[in-house]
Amino acid sequence: MSHTQTVLVKSTDTSVIQAASTALSELDGYRLIYCEDDKSASSRLDELKIDLIFYDLDPKNFGPDNALTQSRLSHAACSRIVVCSNAEMADGARVCEDTASYLYLIKPLAEKQIRMAVKRALEHAELSRRHRLLSRELKLSLDEDMFGKTESGSVQGGVSRFERLVYASSKMAEVVAEAKVAATTDMPVLIRGATGTGKELLARAIHFNSNRANSPMHSQNCGGVSDDALYSELFGHVRGGFPGAIADRLGLFRAADGGTVFLDEVSEVSPQFQVALLRFLQEGEVKPLGSDKTLNSDVRIIAASNRSIEEMVEKGQFRRDLYYRLKGFQLELPALKDRKEDIPVLTNFFVEKYAGVVGRRVLGVTTEVLNKLENFPFPGNVRELETEVQRLVAVAEQGGYIALRHLSEKISNAPTPNDESTDFMPSGATLKEKVESLEQAILTQSLTACHWNQSKVADELGISRVGLANKIKRYGLRKG
Ligand SMILES: Nc1ncnc2c1ncn2[C@@H]1O[C@H](COP(=O)(O)OP(=O)(O)OP(=O)(O)O)[C@@H](O)[C@H]1O
Ligand SMILES: [Mg+2]
């Protein structure tokens, strides 16, 4: 440690002060500051960046606002060493424990002992600091790209995880249970789910829990790609195989040999390409474009689709035989609005994730915010929630909670069940009855709000005065 370390010595004992001042010399990179009591020590702590408190314990005057406790609570980077007399050893040990001090030393103190203890305590603090930083980085990198060989599924405080999937709902628990079974096999898996529900995350989780985990997983989006391009991406091509093919290309099916290929938006492939896929699924044979050699590849296929392939089969838009091949296991990820129990755990997960990314301290979200989030339909599912939370973390005050005022308009304006709007829930059986009861409720509300000023109400609702009068008569509305 080359830079100067500031040590605060709190003591009235001249032998302690003497020993500390010779042990921790300026030449060794220490700057010493002396205080006689807790009060002045505390104000020093607030004024200066203190690296270590060398604290001579006086058990009779050790109150709740002592400098050790204070430094522990509000000066995270400061280390502590407790000094006590032989007779006060029990107090010293207890205080050391309670204030998470590095160690306690018994008087009389030898210079060498002080030097060593201080050096160790500072090294320890530096190591913990680095450890904290590295753990955070590690956690982020686990979150961000591949997730190493951490435990695959775990439950903690009601929050469950399957690789990077976070959930609490029983619906997700069911899907994950099936996915875990699928992972033990080599069968193709078809994952269906609306946009942003976590299809790709689930595919990765299956791959990393299968015995193919040590081989690669490659992904290919099949939507909006021409047949030729898709063919050469998946099956590869040889040089000159088509105009512009200036070098051989391996293709993902061969590159992922022994591993998994994830076919995203598989519903989008053309009828011709469906034939090629089917052949591959049946034979495991790869014929690169422009080559007459047939090669073998052992890959497991996981496919995903937003659309119901079953319906497409019924309509003749997707080959039935290919559909049956693909759905060795069929997993369906529910929309986020149908598993609201996941919203709180996902929100907290994303708050931590993004607070970590941007290095901000955010305490969490308020109950009102959670209510709003739980009642928002999230057409973009988890991805939309994630984007919202990412924004919230950026706009929240440092060290504060995410509050209603931070929410985007689309979410804060969405009605919640506690809003008055539920009073409008129309009763009645037929559509006509429902519309009428809704109309009646709106009229009653406006009339009451405008104290039965009919011109005002007509104006507000955009109908004529006569029209309003007719409706009042028809529904038998009365000033109440
Ligand atoms: N259960 C979950 N836990 C944590 N993060 C999730 C979860 N579900 C989805 N996400 C996150 O939401 C985003 C969308 O997930 P993913 O890409 O897997 O969805 P998708 O269904 O493939 O979407 P699309 O149909 O739009 O391709 C990603 O950033 C992912 O990390
Ligand atoms: Mg996707």
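All ligand and atom numbering here is 1-based and tracks the order in the structure. Remember, it's a predicted structure, so these values are computed and weren't measured experimentally.
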For Glu163 and Asn209, does a side-chain donor sit closer than 3.5 Å to a side-chain acceptor? yes
Geometric class of the Phe350/Tyr354 ring pair [parallel <30°, tilted 30-60°, perpendicular >60°]: tilted
Which protein residues come within less than 4.0 angstrom of ligand 1, counting heavy atoms only? Arg164, Leu165, Val166, Ala194, Thr195, Gly196, Thr197, Gly198, Lys199, Glu200, Leu201, Asn306, Leu346, Phe349, Phe350, Val382, Arg383, Glu386
Between His124 and Tyr102, ring centroids under 6.0 Å: yes
Is the side chain of Lys372 donor-acceptor paired with the backbone N or O of Ser412 at a distance under 3.5 Å, no angle test? yes
Is a side-chain donor or acceptor of Asn381 paired with a backbone partner of Arg383 at a separation under 3.5 angstrom? no
Show your reasoning for whether salt bridge (Lys or Arg N to Asp or Glu O under 4.0 Å) applies to Lys49 and Asp51. CA-CA 6 Å; Lys49 187 191 159 293; Asp51 297 297; 2.5 Å; yes
